[in-house]
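A quick write-up on the structure given underneath.
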Amino acid sequence: QVRLVESGGGLVQAGGSLRLSCAASGSIFSIYAMGWFRQTPGKEREFVAAISWSRGNTYYADSVKGRFTISRENGKSTVYLQMSSLKAEDTAVYYCAAGTIDVTTTLVPRYWGQGTQVTVSS
């Protein structure tokens with residue numbers, strides 16, 4: 001089992017920045033990649049970004065390319081999502097996830113965090 005704990009959500013003005021963190025514990029040797037999804041009420045959870053644990057290959061949804069940066073700190077088993085130039089439409093609950101990368105280069109999650117709210121005011 002893998003436990004994921006997110007932190008760093010909050011309220012920010014449009015155009016601002018925010019950094020999310022996700023710390024993994026447990027059987028992290030079984031993880032190929034970690035990343036982030038987000039969800040707003042009434043919509044499906046959507047992929048945001050992912051990073052492979054060993055090589056650090058990164059993957060992004062088109063909607064966040066050039067604005068969000070995902071990184072990892074292997075020694076701390078932690079993944080970060082640096083969000084810049086935030087827009088009102090980035091408002092969502094952001095979920096950390098761990099799993100594998102599929103042929104469409106999105107994260108296929110096996111484990112989920114509890115979620116953290118990000119609100120961007122316009």
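Just so you know, these numbers use all the heavy atoms, side chains as well, and skip hydrogens, waters and symmetry mates.
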With clusters defined by side-chain heavy atoms of hydrophobic residues (ILVMFWY) lying less than 4.5 Å apart, directly or transitively, does Val12 cluster with Trp36?
yes
Gap between atom OG of Ser30 and atom CZ of Arg110 - 0.5 Å precision
5.5 Å
Does the side chain of Ser71 come within less than 4.5 Å of Gln82's, by heavy atoms?
no
Nearest 0.5 Å, please: how far is OG in Ser25 from NZ in Lys76?
15.0 Å
Please check if Leu86 and Val93 belong to a single hydrophobic cluster, counting links between Ile, Leu, Val, Met, Phe, Trp and Tyr side chain heavy atoms closer than 4.5 Å.
no
With side-chain contact (heavy atoms from CB on, under 4.5 Å) as the test, would you mind laying out the steps for Tyr111 and Arg3 before giving the verdict?
CA-CA 7 Å; Tyr111 305 99; Arg3 183 172 182 241; over 6 Å; no
Mark yes or no for whether Thr91, through its side chain, and Val120, through its backbone, hold a donor-acceptor pair below 3.5 Å.
yes
Would you mind checking if Lys87 and Asp90 are paired as a salt bridge, meaning a charged N to carboxylate O distance below 4.0 Å?
no
Closest non-hydrogen atom pair, Val48 against Phe68:
CG1-CD2, 3.8 Å
Exercise: do Glu6 and Gln114 side chains pair donor with acceptor under 3.5 Å
yes
Calculate, to the nearest 0.5 Å, the distance between atoms CG and OH belonging to Leu81 and Tyr60 respectively.
7.5 Å
Look up atom OG in Ser122 and atom CD in Gln13, then write down how far apart they are to the nearest 0.5 Å.
10.0 Å
What one should report as the nearest heavy-atom pair of Ser52 and Ala33 is CA-CB, 4.0 Å
Closest non-hydrogen contact found for Ile28 with Val2 is N-CG2, 4.3 Å
Looking at SG of Cys96 and OH of Tyr80, how far apart are the two atoms once the value is rounded to the nearest 0.5 Å?
11.5 Å
On a heavy-atom basis, which atom in Met34 and which in Cys22 lie closest, and how many Å separate them?
CE-SG, 3.7 Å
Can you tell if the side chain of Asn57 reaches within under 4.5 Å of the side chain of Ile51, non-hydrogen atoms only?
no
Taking the six-membered ring of Tyr95 as reference, does the NZ or CZ atom of Arg45 fall below 6.0 Å from its centre and within a 45° cone about the axis?
yes
For Thr58 and Ile70, the nearest pair of non-hydrogen atoms, with its separation, is CG2-CG2, 3.8 Å
Among Gln39, Gln117, Arg38, exactly one meets side-chain hydrogen bond (donor to acceptor under 3.5 Å, both in side chains) together with Tyr94. Which residue is that?
Arg38
Is there a path of hydrophobic side-chain contacts, each under 4.5 Å between heavy atoms of I, L, V, M, F, W or Y residues, that connects Trp112 with Phe47?
yes
Got a donor-acceptor contact below 3.5 angstrom from the Arg72 side chain to the Val79 backbone?
no
Minimum heavy-atom distance Leu4-Ala24, with the two atoms named:
CD2-CB, 3.7 Å
Taking the side chain as every heavy atom from C-beta outward, state whether Ile101 and Leu107 have any atom pair closer than 4.5 Å.
yes
